[in-house]
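First listed ligand is number 1; within each ligand, the first listed atom is number 1. We number each residue from 1, following the sequence as shown.
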Amino acid sequence: MIWNETKECMSRDQINNLQSARLRKMVKRAYHNVTFYRKKMQQIGLEPGDINGVEDLHKLPFTTKQDLRDNYPFGLFAVPQSQIVRVHASSGTTGKATVVGYTRRDIEIWQECVARVLAMAGVGSHDIIQVAYGYGLFTGGLGLHYGAENLGATVIPMSTGNTQKLITLMQDFKVTAIACTPSYLLHIAEVLEEAGQIDNTHLKVAICGAEPWTDNMRKQIETKLNIKAYDIYGLSEVMGPGVAADCKFHKGLHVYEDHFIPEIIHPETLEPCKEGEVGELVFTPITKEALPLIRYRTRDLTSITYDECECGRTIARISRFKGRSDDMLIIRGVNVFPSQVEAALLEMGETSPHYLMIVDRINNLDVLEVQVEVEERYFSDEIKQLDSLTKKIARALHTALGLSVKVRLVEPRTIERSQGKAKRVIDRRKFD
Ligand code: DLL
């Protein structure tokens, strides 16, 4: 399969024509099959016929994560449920997940995109790949799994959680490729190092993403493990992993423009940014059947270039991510909003709403500590009571966030009060 030349080296005109044709069809489908889009377009007097091509994209309204939540769970689906073959979900701000669905064709396109990412990283049918992203509602595990199978590689569906077993199988099966978050890979490297086994693997390549990381971190991974590491990007709303990825030149992530139209906008004025200028990434997927999205605001901050890459690909490239335009944190690959912590604490009713989240990276693993103010009496009473409340809060936060949390109860008025916007998060991880 020659991914490269047929789909990734088109001229700008060819890309524009393909995108325009697909955009026209997608807008029609969204308008006729999804009440939400029809109403939104009618409100601004827009009809599908007004969208002739990419040049008209700016006329369309934006879609946000809140829109998906407001239409929870299946309100934005454009096909009957009988045509939905898979559902994934990611965490939401106040407990309600963001739900996404796929038709059989959507899954085919997704696995093709991931296969293209893997092929770009030099993975092929001769490789044995351990998929160590979480399997389940998160798109990482199954996304990489189907993509690697599509490519013909041998897939070990490892998921997360048992590093020792992962290492044993990596060695016994002579695993040559791994897909996991970059911080987890560094942790794996450290465990290998401690066991004196760092040179005792057949690993050649890693496909890392789902959280921000730097070029320095990539080099660290490459040096420690003597492998090549590649960046893979995606988000569940737009598809999952495989929306963009980097090639061996590591000069930005190639966006699969035959399926996703990227835009960069100023997060406040919402006006388009110039090429090279940092702004918020907006995606319009143009081939999705189950969940068409029009101008979806990712909240990820990056810049774009349309220059041809040294590898010969002409599709647009986005730079490594510079952060987000909202308060979402990514902790061990899990998306966490401070408001989720607040909602869980308020629901318990035994604490004050004063809390502080401290995120750190210890031994390359993200650790979240939540400090919570509780009434004075908990400190004067028996230590047992404090202990049981700590455990209760930890359980509630674990349920709300899907992540284990270290809870520390503190006395009233310990957490600094702010006159302006409350500071709820201290992130000690380094991303530069
Ligand atoms: O994280 C999909 C994914 C799985 C991507 C496995 C790559 C590998 P969500 O849980 O919906 O989906 O989270 C999406 O994660 O908006 C970014 O903020 C962040 N993110 C994903 N990939 C990268 C990356 C998956 N390579 C959110 N670099 C996105 C930086 C990333 N941030």
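- Between Trp110 and His259, the ring center distance fails the sub-6.0 Å criterion.
- Ser125 is linked by a side chain to side chain contact (heavy atoms under 4.5 Å, CB included) to nothing, counting only residues two or more places apart in sequence or in another chain.
- Checked against Asp366 for a salt bridge (Lys or Arg N to Asp or Glu O under 4.0 Å), the options Lys406, Arg332, Arg429 give a single hit: Arg429.
- Set against the non-hydrogen atoms of Phe321, the atoms of ligand 1 under 4.0 Å away are 28 (N), 30 (C).
- The Arg324 neighbourhood of ligand 1 comprises atoms 16 (O), 18 (O), with distances under 4.0 Å to a heavy atom of that residue.
- Residue Ala210 has at least one N or O atom closer than 3.5 Å to an N or O atom of ligand 1.
- Between Ser236 and ligand 1, a contact under 3.5 Å exists for at least one N or O pair.
- The heavy atom nearest to atom 14 (C) of ligand 1, considering only Val131, Leu142, Leu235, Val100, is found in Leu235.
- Between Ser90 and ligand 1, a contact under 3.5 Å exists for no N or O pair.
- The shortest N/O to N/O separation between Ile232 and ligand 1 falls below 3.5 Å.
- Of the N or O atoms in Asn335, one or more lie within a sub-3.5 Å distance of an N or O in ligand 1.
- Taking every heavy atom of Phe138 and a limit of under 4.0 angstrom, the matching atoms of ligand 1 come to 1 (O), 4 (C), 10 (O), 25 (C).
- Residues His250 and Tyr230 bring their aromatic ring centres within 6.0 Å.
- Once rounded to the nearest 0.5 Å, the distance linking OG1 of Thr63 with CG of Leu76 reads 7.5 Å.
- Listed by number with element, the atoms of ligand 1 under 4.0 angstrom from any heavy atom of Asp231 are 24 (C), 26 (N).
- Both the sub-6.0 Å distance and the 45° axial angle are not jointly satisfied by Arg317 relative to the ring of Tyr256.
- Atoms of ligand 1 found under 4.0 Å from any heavy atom of Gly209, numbered from 1 in the order shown, are 7 (C), 8 (C), 26 (N).
- A cation-pi contact, defined as under 6.0 Å to the ring centre and within 45° of the axis, links Arg424 to Tyr355.
- Not close to ligand 1: Gly143, with no non-hydrogen atom less than 4.0 angstrom away.
- For the pair Trp213 and ligand 1, the shortest N or O to N or O distance does not fall below 3.5 Å.
- When each atom of ligand 1 is checked for a heavy atom of Gly140 under 4.0 Å away, the hits are 4 (C), 6 (C).
- By the 6.0 Å and 45° rule, Arg320 stacks over the aromatic ring of Trp213.
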